[in-house]
Protein chains: 2
Amino acid sequence: MGITKSDIFTEKQNDLAQFFKVLGHPARVAILQYIGSQNSCICNDLVEEIGLAQATISQHLKELKSIGLLKGEIEGKKMCYCINVERWEEIQQHLNQFFNNTKSNCC
Amino acid sequence: MGITKSDIFTEKQNDLAQFFKVLGHPARVAILQYIGSQNSCICNDLVEEIGLAQATISQHLKELKSIGLLKGEIEGKKMCYCINVERWEEIQQHLNQFFNNTKSNCC
DNA sequence: ATTATATATTGCAATATTACGATGATAAAC
DNA sequence: GTTTATCATCGTAATATTGCAATATATAAT
């Protein structure tokens, strides 16, 4: 099918999976790492840096924005994409909670 | 296309994205949470617990095994799937390193 | 031996994702 | 106002993922 049966899971499970899913592409990992290494960021830099077409980068940025990880401000004709640090730490906490709460003690 | 251009990214970026990707499905999140809440686990329990067909659960288990997060031991005619705690903590560390190293200071 | 139970694998249909060229939209530069 | 630069969106092709029924495999129970 290709369709995920979201309705049989809790909202938390769906949200958590969504965070993981958005981070689950090397281009998006690379984008975040590059933005993190700079003080600001412009989409066009990424096109050269990453090596994907402009339209593709733009799409990946959109997905990162969709979970609030990036915020973009218009600076004249350029866009300044930055990591939303508050959200970044919030998501990191969520993921760590998942890891810490899901400890097993069998085998 | 649907094909990821893995060759333009580093191995670390691809690995990291792969971890995230495998965790990026609510069924797999739910499976891990359920296994974590028990002391051992049987696939058939999961079918009732999660509400997906047996074949589908089996497939998700396979993906979780593919990154080493689960280990399965045969117990008679049953399978005992458990979380591989060492690997679990290793992956948690990798993800936290990514989050901590990718801090931005702009905007 | 046969049957029941538990899980894996295969094959397939439906949908999602990835990537890109083409095209829009917007603002600076001229 | 025309051009240039930067980014978003649309449309589309190729591939991946999800989910399930059917089937295969393997062991336990009878």
Side-chain angles (χ1 to χ4, degrees), chain A residues 1-9 13-14 17-31 34-35 38 40-67 70-82, chain B residues 1-9 13-14 17-31 34-35 38 40-67 70-82:
Chain A
M1 304 196 168
I3 189 169
T4 295
K5 286 190 162 182
S6 311
D7 52 305
I8 66 174
F9 304 106
Q13 287 170 333
N14 283 313
Q18 185 60 25
F19 297 153
F20 281 125
K21 192 174 178 182
V22 168
L23 294 170
H25 192 289
R28 294 194 284 271
V29 166
I31 286 172
Y34 181 68
I35 297 187
Q38 310 293 109
S40 70
C41 182
I42 291 134
C43 179
N44 214 45
D45 285 359
L46 286 170
V47 174
E48 289 173 35
E49 183 71 19
I50 310 268
L52 290 170
Q54 183 266 322
T56 309
I57 295 289
S58 192
Q59 224 173 217
H60 284 306
L61 288 170
K62 193 178 173 183
E63 289 186 71
L64 288 167
K65 261 192 295 184
S66 79
I67 57 167
L70 289 187
K71 51 181 179 180
E73 279 176 42
I74 300 164
E75 269 190 9
K77 65 181 168 182
K78 295 187 181 179
M79 279 295 291
C80 173
Y81 271 115
C82 302
Chain B
M1 306 198 168
I3 189 168
T4 295
K5 287 190 160 181
S6 311
D7 51 307
I8 66 175
F9 304 106
Q13 287 169 334
N14 282 313
Q18 186 60 24
F19 298 153
F20 281 125
K21 192 175 178 182
V22 168
L23 294 170
H25 192 290
R28 294 193 285 271
V29 167
I31 287 172
Y34 182 68
I35 296 187
Q38 310 294 110
S40 70
C41 182
I42 291 132
C43 178
N44 214 45
D45 285 358
L46 285 171
V47 173
E48 290 173 34
E49 182 72 19
I50 311 268
L52 290 170
Q54 183 266 324
T56 308
I57 296 288
S58 191
Q59 227 173 215
H60 283 306
L61 289 170
K62 194 178 172 183
E63 289 186 71
L64 288 166
K65 261 192 295 184
S66 78
I67 56 167
L70 290 187
K71 52 182 178 181
E73 279 176 44
I74 301 164
E75 268 189 10
K77 64 180 168 183
K78 296 187 181 178
M79 280 294 293
C80 172
Y81 271 113
C82 301

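Chain letters run A, B, ... following the sequence lines, proteins first, then strands; residues in each count from 1.
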Here the distance between atom C1' of D/dA16 and atom CD1 of B/I3, to the nearest Å, is 9 Å
Atom CG of A/L46 and atom P of D/dA8 are separated, to the nearest Å, by 10 Å
Under 4.0 Å between a side-chain N or O of A/Y81 and OP1 or OP2 of D/dT6? no
**Message:** Is any side-chain heavy atom of A/L46 closer than 4.5 Å to one of A/L61?
**Reply:** yes
- Query: Is the backbone N or O of B/A55 less than 3.5 Å from a side-chain atom of B/S58, with the two atoms forming a donor-acceptor pair by type?
  - Reply: no
Whole-Å distance, A/I8 CD1 to D/dG19 C1', equals 10 Å
Here the gap from B/I42 atom CD1 to B/K77 atom NZ, rounded to the nearest 0.5 Å, amounts to 11.0 Å
To the nearest 0.5 Å, atom CD of A/E48 lies from atom CD of A/Q54 at 12.0 Å
Atom CZ of B/R28 and atom C1' of D/dG19 are separated, to the nearest Å, by 12 Å
Rounded to whole Å, the NZ-C1' distance (B/K77 to D/dT27) equals 7 Å
Taken to the nearest whole Å, CD/B/E73 to P/C/dA6 is 19 Å
Notebook entry, point to check: Using 30° and 60° as the class limits, which term best fits the ring planes of B/H60 and B/H25: parallel, tilted or perpendicular?
Noted result: tilted
Whole-Å distance, B/E48 CD to C/dT7 C1', equals 14 Å
Sub-3.5 Å donor-acceptor pair from the side chain of B/R28 to the main-chain atoms of B/L64, do we have one?
no
Less than 4.0 angstrom between a side-chain N/O of B/K78 and OP1 or OP2 of D/dA26, yes or no? no
Counting only heavy atoms not in A/I74, do more than 12 sit closer than 6.0 Å to its CD1 atom? no
Ordered by number, residues from residues 51-64 of chain B within less than 4.0 Å of DNA chain D (heavy atoms) are B/L52, B/A53, B/A55, B/T56, B/Q59, B/H60, B/E63
Atom NE2 of A/H25 and atom P of C/dT17 are separated, to the nearest Å, by 11 Å
Of B/M79 and A/K21, the one whose nearest nucleotide on DNA chain C sits closer to the 5' end is B/M79
